Peer 1: 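This structure is in structure tokens; I'll ask about it shortly.
Numbers for residues simply follow the sequence, beginning at 1. Everything numeric in this text was worked out from a predicted model, so none of it was measured.
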Amino acid sequence: MAKVADDKPVPLWRLFWRMGGWITLIFLVFLGFLTLFSVLSLNLAHRFDTEGREAEALVLDKYQTVTTDSDGDREITYYFVLQFETNRNLPVELDRSVGSGIYHKTAINTRIPIWYLESEPDRIEVSRGENRTASVVTRWIALIFGIAALVAMWFPARWAVAAVRARRYGLRETATVTGTKATNYRVNNRYRYRLTWEEPSGRAGESLAYKEEQLDGFRSGDKITVYQGIKRAWWSGDVGERPGARD
């Protein structure tokens, strides 16, 4: 018969990870990047407040770039080729991405107001205060990801704690395997499966998700060990065996 979990108790952190806790990491990574971007944008906004200078830039040219992702979705980025002089008569020419609105309404060889940093003239704002706006917007998006991370952490953490409590304190019973069933999601284009069983009380139960071949050794009628929790039973193949447990 296939061996899924060791006889030793499965650690809480591993159960948390297997029950979907890894999703929390994704939200936390995005939260970290968004927070960093927000801080950098706010620092840049402060620099424009203290050393920002206004100038008129000539739109020498404009162009678009198109990228296509794996799903075939196209993303268009709009650019201006700008030329201006600083208050020290230093000529500057640069390419700058802009929004679609200003891109379409601005003709080549026209002049637009821009703001540049006196100590770094090639860093500009096409719309005054755009870095501060970006910081505020990113901060709100980061807040949403932070809340999502807490939600993503809460559910698998609650399930993992419930499983550990059942293994430590719950009634240890023998259940009868009724088969396996496919989940509605895939990993690397392969469906995951759950072992199903019937408990002595007649209540049905199911395991965590596994690759199909990991459950090949189980057949209807086989006996497995489960630990009774408050709301459900947990298979020893998922959570491991209670220390000192004997069949």
Peer 1: Looking only at side-chain N and O atoms, does T196 offer a donor or acceptor that is under 3.5 Å from a partner on T178?
Peer 2: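 A pair is found: one side chain offers a donor N or O, the other an acceptor, under 3.5 Å apart.
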
Peer 1: Do side-chain atoms of T183 reach the backbone of R192 as a donor and acceptor pair under 3.5 angstrom?
Peer 2: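 Yes; at least one donor-acceptor contact below 3.5 Å.
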
Peer 1: Should we count CZ of R203 as having more than 12 external heavy atoms under 6.0 Å?
Peer 2: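 Counting other residues, nucleotides and ligands, CZ of R203 exceeds 12 neighbours.
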
Peer 1: Verify the distance criterion only: is there a donor paired with an acceptor across the side chains of R18 and Y210 at less than 3.5 Å?
Peer 2: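 Yes - a donor-acceptor pair under 3.5 Å links their side chains.
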
Peer 1: When you measure from the side chain of Q214 to the backbone of K211, do you find a donor-acceptor pair of N or O atoms at a distance under 3.5 Å?
Peer 2: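 Yes, the answer is positive, given that a donor and an acceptor are paired below the 3.5 Å cut-off.
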
Peer 1: What pair of heavy atoms forms the shortest contact from W197 to A233, and how long is it?
Peer 2: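 The pair with the smallest heavy-atom distance is CZ2-O, 3.8 Å.
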
Peer 1: Just by distance, no angles: are the side chains of T77 and S97 close enough, under 3.5 Å, to form a donor-acceptor pair?
Peer 2: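 Not at all, the side chains of T77 and S97 share no donor-acceptor pair under 3.5 Å.
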
Peer 1: Quick one: do the S119 and R47 side chains pair a donor with an acceptor below 3.5 Å?
Peer 2: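 Yes, R47 and S119 have a side-chain donor paired with an acceptor closer than 3.5 Å.
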
Peer 1: Does Q64 CD have over 12 foreign heavy atoms under 6.0 Å away?
Peer 2: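 Above 12, so yes.
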
Peer 1: Verify, without hydrogens or angle tests, whether Q83 (side chain) and V59 (backbone) share a donor-acceptor contact under 3.5 angstrom.
Peer 2: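 Checking the backbone N and O of V59 against the side chain of Q83, no donor-acceptor pair under 3.5 Å is found.
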
Peer 1: Strictly by modelled atom types, are T176 and K223 linked by a side-chain donor-acceptor pair under 3.5 Å?
Peer 2: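 Yes, side-chain donor-acceptor contact under 3.5 Å.
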
Peer 1: Any side-chain heavy atom of P9 sitting closer than 4.5 Å to one from E241?
Peer 2: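 Result no, sub-4.5 Å side-chain heavy-atom pair not found.
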
Peer 1: One thing to verify: whether D49 and R128 come together as a salt bridge, which I'm taking to mean a side-chain N less than 4.0 angstrom from a carboxylate O.
Peer 2: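 Judged by the 4.0 Å cut-off on N to carboxylate O distance, R128 and D49 do form a salt bridge.
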
Peer 1: For atom OH of Y63, decide whether the heavy atoms of other residues, nucleotides or ligands shown that lie under 6.0 angstrom number more than 12.
Peer 2: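 For Y63, atom OH is crowded (more than 12 foreign heavy atoms under 6.0 Å).
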
Peer 1: Taking S41 for its side chain and S38 for its backbone only, find out whether a donor-acceptor pair lies under 3.5 Å.
Peer 2: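 Answer holds: no.
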
Peer 1: L15 and V164: which non-hydrogen atoms are nearest, and at how many Å?
Peer 2: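 Closest approach of L15 to V164: CD1-CG2, 3.7 Å.
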
Peer 1: Hydrogens and angles aside, do Y116 and N87 bring a side-chain donor and acceptor to less than 3.5 Å of each other?
Peer 2: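 Judged by distance alone, the side chains do pair up.
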
Peer 1: Would Y191 and Y185 count as a close aromatic pair, with their ring centres under 6.0 Å?
Peer 2: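 When the ring centroids of Y191 and Y185 are compared, they turn out to be at least 6.0 Å apart.
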
Peer 1: Residues in side-chain contact (heavy atoms from CB on, under 4.5 Å) with V136, at least two apart?
Peer 2: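 Result, side-chain contact (heavy atoms from CB on, under 4.5 Å) vs V136: R139, W140.
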
Peer 1: So does I124 get a backbone contact from the side chain of R96, meaning a donor-acceptor N/O pair under 3.5 Å?
Peer 2: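 A pair under 3.5 Å: yes.
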
Peer 1: Under a plain distance cut-off of 3.5 Å, with no hydrogens placed, do E173 and T225 share a side-chain donor-acceptor pair?
Peer 2: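 Side chains of T225 and E173: no pair found under 3.5 Å.
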
Peer 1: Is the number of heavy atoms from other residues, nucleotides or ligands under 6.0 Å of I76 CD1 greater than 12?
Peer 2: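 Yes, enclosed.
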
Peer 1: So, R172 versus Y227: side-chain donor-acceptor pair below 3.5 Å or not?
Peer 2: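 Yes, Y227 and R172 have a side-chain donor paired with an acceptor closer than 3.5 Å.
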
Peer 1: Specify whether Y103 and F80 have parallel, tilted or perpendicular ring planes, treating 30° as the upper limit for parallel and 60° as the lower limit for perpendicular.
Peer 2: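 If you compare the ring of Y103 with that of F80, the planes turn out parallel.
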
Peer 1: If you draw a 6.0 Å radius around CZ in F30, do more than 12 non-hydrogen atoms from other residues or ligands fall strictly inside?
Peer 2: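 No - once you tally the heavy atoms of other residues, nucleotides and ligands closer than 6.0 Å, there are 12 at most.
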
